[in-house]
Number of protein chains: 2
Amino acid sequence: MNAPTPPEAAFSIAAVERDTGLAKDTLRVWERRYGFPAPTRDANGERLYPPEQVEKLRLIRRLIDHGRRPAGVVGASIDELASMLDSCLCPELASSGREDGLLQLVRLHRSVELNAALRQALMKQGLQRFVADTVAPLAAAVGEAWMRGEVEVPEEHLFTEQVQNVLRSAIGAHATPGGRPRVLLTTFPEEEHVLGLLMAEAMLVPEGVACLSLGTRTPLADIRSAAVGGAFDIVGLSFSIAYPARQAIDGLLELRALLPDSIAIWAGGAAVRDKHKRLPGIRVVGGLDDTLAALRDWRAEHP
Amino acid sequence: MNAPTPPEAAFSIAAVERDTGLAKDTLRVWERRYGFPAPTRDANGERLYPPEQVEKLRLIRRLIDHGRRPAGVVGASIDELASMLDSCLCPELASSGREDGLLQLVRLHRSVELNAALRQALMKQGLQRFVADTVAPLAAAVGEAWMRGEVEVPEEHLFTEQVQNVLRSAIGAHATPGGRPRVLLTTFPEEEHVLGLLMAEAMLVPEGVACLSLGTRTPLADIRSAAVGGAFDIVGLSFSIAYPARQAIDGLLELRALLPDSIAIWAGGAAVRDKHKRLPGIRVVGGLDDTLAALRDWRAEHP
DNA sequence: AAAGTCAAATTGTCCAGGACAAAACACGTC
DNA sequence: GACGTGTTTTGTCCTGGACAATTTGACTTT
């Protein structure tokens with residue numbers, strides 16, 4: 001009655017939806033329009049997607065997230081997709097991860113060494129530089145490698161978990177409960193990436209900011225009640241690259257209308273970068289270092 | 001083109017799916033069969049669900065998760081639902097949370113006090129008793145309160161985040177990289193509750209076990225490759241109450257077939273409790289204290 | 001050359017209503 | 001109680017059509 005386990009070596013449409021993030025309706029309409037994917041059928045007439053097609057769909061998904069349009073990528077051959085992929089990756093990112101060796105630790109399942117290396121870097125650099133100079137580039141490198149298909153799900157999970165462990169305990173050590181401003185951090189309901197929030201928190205906490213993270217996926221109305229009820233000065237939202245820009249903008253404007261003017265909204269992440277013009281009343285944070293600039297601005301205006 | 005923002009005070013079918021966890025198809029078929037929900041339509045003929053109906057759907061969802069069947073709950077009045085709710089809650093749980101006062105801290109948005117109280121309890125009790133005697137009952141109480149509708153999304157997020165922070169830093173302090181056995185912890189792809197994993201890890205790490213958590217939502221094939229590639233002795237899976245029992249059993253048996261006999265499988269959580277008979281070759285862990293019993297058993301067999 | 005305007009093409013989501021297998025239930029038997 | 005067997009309930013999948021939101025691209029105006 002619930003999503004059936006994919007039998008042997010083929011995936012049901014529900015499994016493909018889960019693995020690729022493409023809605024069932026979208027998968028069916030692509031098949032109708034572009035002739036791809038072209039699943040076989042089981043005895044019951046239901047779609048069965050071979051693993052290669054699922055893999056190709058994942059690739060297509062990544063390209064679309066990077067701005068391509070379906071007409072150009074659905075129906076292209078594997079080789080064409082691979083060359084498109086190369087053209088939208090910046091080579092220096094991948095290499096920066098390789099040079100410092102941390103990406104290798106992610107790749108090779110070396111969780112213990114990865115953890116040790118992260119903690120060592122944290123000690124050496126301090127929390128803020130650790131986040132800006134080590135975690136963020138590493139996250140970008142992992143993202144790139146994942147897009148190239150060079151890392152799999154478990155490596156990505158491993159990386160996220162280990163970074164979370166290190167960041168959460170470091171943030172706990174710096175916590176300044178009575179500080180100002182009071183910042184509420186979370187994401188919109190469709191966004192489940194947590195590292196952006198943790199990185200922002202790690203940048204702010206050493207500055208004496210009182211941060212509260214609600215974790216991911218908070219409904220808009222609940223953000224409002226938490227922000228107002230908790231007397232927060234700033235609400236910080238994080239958007240990963242996969243988040244649809246339009247949705248981010250609509251949501252932010254709606255939230256802006258929901259919150260009193262005395263509460264500032266900060267938005268960061270790839271989906272809102274350069275969208276400053278379309279977001280009146282919202283501080284678009286361009287990167288981790290810009291978080292500190294935003295904080296300086298806020299403090300200048302609130303003596 | 002993407003999930004539209006719900007206008008004013010009514011929800012699109014996509015928004016309801018997100019908020020309630022009920023698939024669009026299920027919502028449409030309930031409407032056809034039971035006459036509920038009964039959304040209005042917009043100018044375009046698309047369903048618009050009023051907030052009361054969404055709230056009622058959430059209630060129904062909870063009752064179904066606790067074993068009721070749709071025929072009995074979809075179409076019942078609010079009062080009937082409320083009385084059903086009472087009959088499937090165990091009163092002592094809610095009260096245990098109230099007595100120690102921690103649940104109050106969750107309710108009132110007192111994040112700072114909650115964090116302090118958790119850390120204090122941790123110091124006093126030690127990691128294992130803290131998890132078994134404080135975190136687990138509190139999690140159960142929050143679950144009950146959520147089911148009664150007495151806590152909202154942000155409170156639940158707040159609770160999860162704060163507990164995560166405390167547990168992760170405590171686990172980090174206890175870490176014993178070279179220990180035995182080597183345990184890999186994760187959940188199946190449909191399961192996103194992380195606290196069960198963290199509690200298990202917190203029970204095991206002080207015993208000198210080398211734990212690696214992959215976080216939630218790991219595909220079966222990836223669990224296999226991580227377990228074999230990392231030379232793990234045990235794979236631990238966690239299932240929350242909302243996880244369909246049948247799916248858990250199928251998945252576990254499939255994983256059992258995938259893994260060599262030398263790697264043990266432990267399964268814990270409400271969804272697999274009392275399913276021991278249907279899970280040959282798998283150690284069903286009945287609760288947090290049973291985790292330690294399972295560990296003792298394993299060590300007795302692997303001198 | 002930059003910026004605005006507007007029609008055409010693209011694209012994701014929604015709808016209806018039928019079908020069916022898996023799960024839960026009820027009941028009789030060992 | 002444990003175990004088959006028939007019945008009902010229930011979630012998911014299917015087809016093919018429709019449409020609004022977006023993007024594209026050609027054209028006009030500053």
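Quick note on labels: first sequence line is chain A, next is B, and so on, each numbered from 1. Bear in mind the structure is a predicted one, so any value in this text is a computation, not a measurement.
Of the listed nucleotides (D/dT23, D/dC14, C/dC14), D/dT23 has the atom at the smallest distance from the side chain of A/R69. Distance from the side chain of B/T26 is smallest to D/dT12 among C/dC15, D/dT12, C/dA24. Closest to the A/R47 side chain, of the nucleotides D/dC14, C/dA24, D/dG11, is D/dC14. Nearest nucleotide to the side chain of A/W30, out of C/dT10, D/dC13, C/dG12: C/dG12. Nearest to the side chain of B/D25, among D/dT12, C/dT11, D/dG11, sits D/dT12.
Partners of A/E17 by side chain to side chain donor-acceptor pair (under 3.5 Å), not counting sequence neighbours, listed by chain and number: A/K24.
For the residue pair B/T218 and A/H157, a side-chain donor N or O sits within less than 3.5 Å of a side-chain acceptor on the partner. Side-chain contact, B/E191 with B/S240: a donor N or O sits under 3.5 Å from an acceptor N or O.
The distance between atom CG of B/D65 and atom P of C/dA24, rounded to the nearest whole Å, is 13 Å. Here D/dT12 presents its P atom at 16 Å from CG of A/L27, a figure rounded to the nearest Å. Distance B/E31 CD to D/dT10 P: 17 Å, rounded to the nearest Å. Per the geometry, CD belonging to A/E46 stands 9 Å off P belonging to C/dA21, to the nearest Å. What separates CD1 of A/I64 from P of C/dT11 is a distance of 8 Å, to the nearest Å. The nearest whole Å value for the distance from the CD atom in B/E17 to the P atom in D/dG11 is 14 Å. Taking atom CG of residue A/D250 and atom C1' of nucleotide D/dA21, one finds them 11 Å apart after rounding to whole Å. The CD atom of A/Q247 sits 12 Å away from the C1' atom of C/dG12 (whole-angstrom rounding).
The 5' end of DNA chain C is approached more closely, in terms of each residue's nearest nucleotide, by B/N44 than by the other of B/V29 and B/N44. If A/G67 and A/K24 are placed on DNA chain D by their nearest nucleotide, the residue sitting closer to the 5' end is A/K24.
Salt bridge status for A/E31 with A/R28: absent, with no side-chain N to carboxylate O gap under 4.0 Å. In this structure, B/D290 pairs ionically with B/R283, as a charged nitrogen and a carboxylate oxygen lie closer than 4.0 Å. Between B/E46 and B/R41, no side-chain nitrogen of the basic residue sits less than 4.0 Å from a carboxylate oxygen of the acidic one, so the salt-bridge criterion is not met.
The phosphate of D/dC14 has OP1 or OP2 within less than 4.0 Å of a side-chain N or O from A/R28.
Looking at residues 33-42 of chain B, you'll see B/R33, B/Y34 sit with a heavy atom under 4.0 Å from some atom of DNA chain D.
No cation-pi contact links B/R58 to B/W146, judged by a cut-off of 6.0 Å to the six-membered ring centre and 45° from its axis.
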